[in-house]
Amino acid sequence: MESLFEELGGTYHQEGDYFLPDLSLPETAPVGTWGQRRRHYLKAQRRPLYNALLLSGKLNDHLIAVDAQAKAMFFQLVKRLAEQEGVAEQLKVENQMEWVGRINNIRDRATEIVHAELIFTR
């Protein structure tokens with residue numbers, strides 16, 4: 001008589017006197033920095049949504065999608081803000097320290113915008 005696990009295609013392997021099921025997690029893409037920030041927010045502030053995504057098996061897909069969207073938005077914002085403020089390669093050549101300060105300021109503002117619009121919403 002087969003178990004339900006075996007009827008559904010599951011297999012076992014023997015370790016000592018015990019038969020253990022051969023279980024493995026599906027391969028998923030790694031979650032980037034933005035996705036990890038989203039996970040932390042959901043876990044701390046939106047626990048019911050986090051649990052619903054986790055139990056339905058959609059959490060990693062959600063985090064990967066948010067990560068990709070946030071990356072694209074961040075780089076687009078940095079590029080646009082740098083162009084608007086005239087922070088170009090010429091400034092980098094002429095005054096490296098001023099360029100670093102201005103580009104860091106732009107990156108910080110872009111990070112805040114991504115947090116406000118993607119990571120800490122919905």
Side-chain angles (χ1 to χ4, degrees):
M1 180 172 151
E2 287 187 338
S3 68
L4 179 60
F5 181 69
E6 290 172 312
E7 288 177 13
L8 295 173
T11 59
Y12 293 94
H13 68 277
Q14 186 172 1
E15 287 189 23
D17 294 335
Y18 301 100
F19 285 94
L20 302 174
D22 295 324
L23 301 175
S24 63
L25 294 173
E27 292 293 323
T28 60
V31 176
T33 303
W34 296 104
Q36 291 174 18
R37 291 176 185 176
R38 176 71 174 168
R39 176 189 291 135
H40 179 73
Y41 166 73
L42 290 175
K43 202 170 185 179
Q45 302 296 324
R46 304 283 307 272
R47 194 65 179 204
L49 177 58
Y50 174 80
N51 287 333
L53 288 169
L54 181 64
L55 293 174
S56 68
K58 297 178 183 177
L59 180 62
N60 271 353
D61 293 337
H62 171 75
L63 296 176
I64 291 167
V66 167
D67 185 68
Q69 190 177 2
K71 269 186 212 172
M73 183 180 188
F74 175 78
F75 289 119
Q76 184 179 25
L77 278 168
V78 169
K79 182 178 178 184
R80 191 177 72 215
L81 290 170
E83 287 173 359
Q84 285 176 354
E85 296 179 20
V87 180
E89 291 298 314
Q90 184 63 27
L91 177 62
K92 187 176 182 180
V93 170
E94 293 171 1
N95 190 344
Q96 204 171 31
M97 291 307 292
E98 182 181 347
W99 180 85
V100 168
R102 291 176 69 185
I103 204 75
N104 282 342
N105 183 283
I106 289 169
R107 290 174 58 88
D108 288 343
R109 285 185 287 151
T111 298
E112 289 300 318
I113 293 169
V114 171
H115 280 158
E117 293 186 11
L118 286 178
I119 305 300
F120 303 144
T121 61
R122 299 186 248 167

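Numbering of residues begins at 1 and proceeds along the displayed sequence.
Listed here is the closest heavy atom pair of Leu118 and Ala70: CD1-CA, 3.5 Å. Tyr50 approaches Leu59 most closely through the heavy-atom pair CE1-CD2, 3.5 Å. Closest non-hydrogen pair, Asp17 versus Gln14, comes out as CA-NE2, 4.5 Å.
Enclosure of atom CD in Gln36 by more than 12 non-hydrogen atoms of other residues, nucleotides or ligands within 6.0 angstrom is indicated. Sparse packing is recorded around CZ of Arg107, with 12 or fewer heavy atoms of other residues, nucleotides or ligands lying under 6.0 Å away. Counting heavy-atom neighbours within 6.0 Å of Gln84 CD, excluding the residue itself, gives a total above 12.
Atom CD1 of Ile103 and atom NZ of Lys92 lie 9.0 Å apart (nearest 0.5 Å). The distance from the CH2 atom of Trp99 to the CD atom of Glu94 is 13.5 Å, given to the nearest 0.5 Å. Expressed to the nearest 0.5 Å, how far NE2 of His40 lies from CG of Leu63 amounts to 13.0 Å. Here the CZ-OG1 distance, from Arg38 to Thr121, works out to 5.5 Å after rounding to the nearest 0.5 Å. For the atom pair CG (Asp67) and CZ (Arg39), the distance works out to 10.5 Å, reported to the nearest 0.5 Å. From Leu54, atom CG reaches atom CG of Asn60 across 9.0 Å, with rounding to the nearest 0.5 Å.
Judged purely by atom type and a 3.5 angstrom limit, Arg109 has no side-chain atom pairing as donor or acceptor with the backbone of Leu81. Judged by distance alone, the side chain of Gln45 and the main-chain N or O of Arg47 form no donor-acceptor pair under 3.5 Å.
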Test side-chain contact (heavy atoms from CB on, under 4.5 Å) on Ile113 and Met73; report intermediate values, then the result. CA-CA 9 Å; Ile113 293 169; Met73 183 180 188; 4.0 Å; yes
Does the side-chain contact (heavy atoms from CB on, under 4.5 Å) test come out yes or no for Arg37 and Thr111, once each step is laid out? CA-CA 12 Å; Arg37 291 176 185 176; Thr111 298; 3.9 Å; yes
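The side-chain contact (heavy atoms from CB on, under 4.5 Å) check on Glu15 picks up His13, Leu20, with sequence neighbours excluded.
Shown are Arg102, Glu85, Gln96; of these, the side chain to side chain contact (heavy atoms under 4.5 Å, CB included) with Leu91 is made only by Arg102. Each of Tyr41, Phe74, Phe75, Phe120 was checked for a ring pair (Phe, Tyr, Trp, His ring centres under 6.0 Å) with Trp34, and the lone residue meeting it is Phe74.
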